[in-house]
2 protein chains.
Amino acid sequence: MTDQADGPAPGRRPTMIDVARVAGVSLKTVSRVANEVPTVRADLAERVRAAMSELGFQRNNVAANLRSGRATATIGLIILDLANPFYSTIAAAAAAVAERFDTQLITASSGWDPARERELVLDLCERRVDGLIIVPTGEDQSYLSTEIGRGTPAVFIDSPPSGCRADTVVLDNRTGTRDLIRRLLAEGHRHIGMITDTLNDFTMRERLAGAREALEEAGVDAGRHAARLYSDHPRSAGDSVGAMLDAPDPPTALFCGNNRILLGAVEELARRRTRLRLAAFDDFEFAPLLPHPVTVVGYDTRALGRLAAEMLFRRLNAPGAEPSNYVIPTYLVDRGTELARE
Amino acid sequence: MTDQADGPAPGRRPTMIDVARVAGVSLKTVSRVANEVPTVRADLAERVRAAMSELGFQRNNVAANLRSGRATATIGLIILDLANPFYSTIAAAAAAVAERFDTQLITASSGWDPARERELVLDLCERRVDGLIIVPTGEDQSYLSTEIGRGTPAVFIDSPPSGCRADTVVLDNRTGTRDLIRRLLAEGHRHIGMITDTLNDFTMRERLAGAREALEEAGVDAGRHAARLYSDHPRSAGDSVGAMLDAPDPPTALFCGNNRILLGAVEELARRRTRLRLAAFDDFEFAPLLPHPVTVVGYDTRALGRLAAEMLFRRLNAPGAEPSNYVIPTYLVDRGTELARE
DNA sequence: TTGAAAGCGCTAACAG
DNA sequence: CTGTTAGCGCTTTCAA
């Protein structure tokens with residue numbers, strides 16, 4: 001005796017047709033019950049619900065969305081590296097907003113690879129996500145223009161797009177760095193070493209521009225403090241610090257363009273048992289533990305993700321508005337261990 | 001003059017039918033070109049491709065999967081809190097594996113809420129994800145049994161499920177803690193204060209069990225070192241440390257059940273300018289900066305996510321195998337600043 | 001209030 | 001090699 005007559009095959013997922021057969025109603029009535037349409041006679045609805053739980057029915061949302069043309073309740077988030085706390089904080093904040101809108105988040109890392117970024121965007125569009133939040137690699141995003149025009153809005157975080165118009169949420173890199181350098185200048189420093197990452201990066205260029213503003217308004221020769229670029233993450237920041245200190249007329253203060261550079265600098269200073277006026281862009285959770293006092297430019301990382309997601313949902317509900325640009329304010333904080341200060 | 005005659009409406013996304021019309025071929029030929037089926041005459045394929053890029057066609061994968069019954073190339077990851085580096089590291093590792101399988105990851109946080117966890121599982125199943133990776137809240141997961149039976153496999157990370165059978169990847173909490181406590185005992189400590197989180201948590205119970213093993217085999221009275229539970233994250237770990245130190249016959253060493261507890265303890269010791277033999281479960285990126293030496297139980301967090309994802313994809317390709325359980329090994333590391341050691 | 005028919009965008013199965 | 005027909009699981013439309 002098989003159950004072919006009155007039930008679905010063992011492995012198959014039950015469909016509304018199966019439910020309808022068991023409940024003795026039409027497919028459409030099952031659909032109405034599943035969608036909580038109120039105009040269904042109570043006893044029928046009850047029979048349908050019984051059949052649903054008997055079969056363990058679960059609506060196939062993929063199919064439902066296809067016919068109705070409804071949104072997929074999914075947004076794509078493309079960041080550079082989920083393992084980096086900066087980006088995972090952004091992801092968490094965006095996810096919290098998405099949850100409020102009953103939307104799921106597909107998160108993917110481009111790993112600073114423009115080709116991968118493009119692939120991801122296209123893949124996500126083929127999945128018909130409702131919108132995209134992107135931390136761009138800084139290359140060309142013109143391929144997004146048609147997508148945006150077709151109603152898949154995008155919001156850019158941390159850096160603006162190039163080659164297409166879209167909403168953006170960025171840090172106030174320029175003002176933050178300007179205020180930081182101003183403070184060093186006010187303390188009397190006239191020789192500030194500046195260590196930055198690659199200047200292909202929008203944020204790094206802005207930070208350097210802010211530093212120059214402060215130096216110029218103080219009448220200090222910016223050329224003398226030319227940034228020493230460093231190649232890659234690990235030790236090279238420390239090497240740059242070493243080179244600066246070993247040169248004639250070494251700087252009395254150091255500005256580090258981001259927190260990884262700061263860590264390299266701190267290590268190098270600890271190795272040399274040297275103290276210097278330290279300043280950096282980026283606050284981070286364990287900055288208070290640093291064995292060296294440092295003044296950092298802080299900001300609300302969660303706000304980046306939160307505002308981007310909020311802008312996206314606003315745009316989903318009001319398409320066609322002009323792209324807007326939100327700038328997250330920055331502030332100065334003093335960090336480093338008390339132990340180390342004594 | 002409108003373009004209604006030969007093109008889709010302005011806002012609408014072009015479908016294969018539109019492409020077919022423009023290219024002067026049948027829908028099926030377009031489908032073949034889109035799927036890179038080789039048996040299409042070169043000139044036709046070229047015309048189709050031209051029409052595709054003219055219209056900006058993008059295949060609707062949702063529809064494609066519906067008919068073909070193919071997998072959605074999407075897996076769901078349910079973690080406790082994406083903002084927590086432990087979980088975001090797991091997510092990043094799982095994402096890296098998913099990428100190798102051309103699969104996207106929907107990541108969602110349950111926030112330690114069992115009801116939310118259940119909602120998320122059901123939502124993801126309705127979206128027909130190919131599989132689930134779950135860091136469970138420790139409550140009942142029996143609702144997953146039918147899903148698993150129906151071919152949506154699940155892998156549990158960090159804690160095993162209750163109420164259903166599934167693959168798991170967990171840390172060797174017990175051995176790690178046992179080895180750590182053994183070391184303290186070998187150093188001569190006979191009074192070890194133990195500060196743990198809620199014992200509803202599987203990992204914390206296991207760690208405590210490991211500690212007890214070490215104490216018992218050394219013939220040390222475990223009761224005397226009863227764990228002081230602490231209520232919530234912020235200061236209460238520090239308060240527990242304070243209470244222990246102010247009691248008569250205070251401990252000479254401290255075991256902290258996780259890294260948040262360790263931070264609270266370190267702060268309290270710094271406040272009191274007291275030094276104690278410190279030990280804890282969980283290594284973390286900035287542990288080397290701690291202003292107090294500490295021996296921690298380390299492990300490869302990425303391995304948790306990586307192995308879980310690999311188990312999931314293995315199961316997707318070989319359904320029906322018995323659930324297996326993978327245990328990640330642990331090791332001891334000495335941390336804390338050199339500065340603080342001098 | 002209920003149901004039959006059509007169709008979302010695509011692929012499977014089969015025919016030409 | 002190409003096209004036609006059917007149909008995935010659901011919703012929409014419209015008639016009963």
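By convention in this document, chain letters (A, B, ...) are assigned in the order of the sequence lines, proteins followed by strands, and residues within each chain are numbered from 1.
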Notebook entry, point to check: Can you check the A/R70 CZ to D/dC10 P distance for me, whole Å?
Noted result: 12 Å
Checklist line | B/R315 (side chain) donor-acceptor with B/A321 (main chain) under 3.5 angstrom | finding: yes
Margin query: Can a side-chain donor-acceptor contact be found between A/R127 and B/T74 if the only test is distance below 3.5 angstrom?
Written below: yes
Next item on the list: Answer with base, sugar-phosphate or nothing: what part of the nucleic acid does A/V40 contact at a heavy-atom distance below 4.0 Å?
Entry: sugar-phosphate
Note to self: Taking the side chain as everything from C-beta on, heavy atoms only, tell me whether A/L316 gets closer than 4.5 Å to A/P153.
What the structure shows: yes
Item checked: A/T152 (side chain) donor-acceptor with A/I148 (main chain) under 3.5 angstrom -> no
Next item on the list: Rounded to the nearest angstrom, tell me the gap between atom CZ in B/R47 and atom C1' in D/dT2.
Entry: 12 Å
Note to self: Nearest to the B/R67 side chain among D/dC10, D/dC8, D/dG3, which nucleotide is it?
What the structure shows: D/dC8
Notebook entry, point to check: So where does chain A start and stop touching DNA chain C, 5' to 3', when the test is distance under 4.0 Å to a non-hydrogen atom?
Noted result: C/dT1 to C/dG9
Note to self: Assess whether a salt bridge exists between A/R116 and B/E99, defined as any Lys/Arg side-chain N lying under 4.0 Å from an Asp/Glu carboxylate O.
What the structure shows: yes
Margin query: Regarding B/L44, tell me which of base, sugar-phosphate or nothing describes its non-hydrogen contacts under 4.0 Å with the strands shown.
Written below: sugar-phosphate
Notebook entry, point to check: In whole Å, what is the span from the CE atom of A/M52 to the C1' atom of D/dG9?
Noted result: 13 Å
Note to self: Is the ring pair B/W112/B/Y87 parallel, tilted or perpendicular, if the boundaries are 30 and 60 degrees?
What the structure shows: perpendicular
Next item on the list: May I ask you to say whether A/R13 pairs ionically with B/E147, meaning some side-chain N is under 4.0 Å from a carboxylate O?
Entry: yes
Item checked: Whichever of B/S68 and A/N65 has its nearest DNA chain D nucleotide further upstream toward 5' -> B/S68
Margin query: Need the bend value for the helix from C/dT1-D/dA16 to C/dG16-D/dC1: angle between end axes, 5 pairs each end, nearest 10°.
Written below: 40°
Next item on the list: Scan side-chain atoms only and decide if B/Q104 and A/D123 contain a donor-acceptor pair under the 3.5 Å cut-off.
Entry: yes
Checklist line | Donor-acceptor side-chain pairing of B/T72 and B/N65 below 3.5 angstrom | finding: no
Checklist line | pair B/M52-B/V30: side-chain heavy atoms closer than 4.5 Å | finding: yes
Notebook entry, point to check: Considering only D/dG3, D/dT2, D/dG9, which nucleotide approaches the side chain of A/N60 most closely?
Noted result: D/dG9
Next item on the list: Check each residue of residues 26-36 of chain B for a non-hydrogen atom within less than 4.0 Å of any atom in DNA chain C, then write out the ones that pass by number, or none.
Entry: B/L27, B/K28, B/S31, B/N35
Check: If you measure from the Lys or Arg side-chain nitrogens to the Asp or Glu carboxylate oxygens, is any gap between A/E322 and A/R165 under 4.0 Å?
Finding: yes
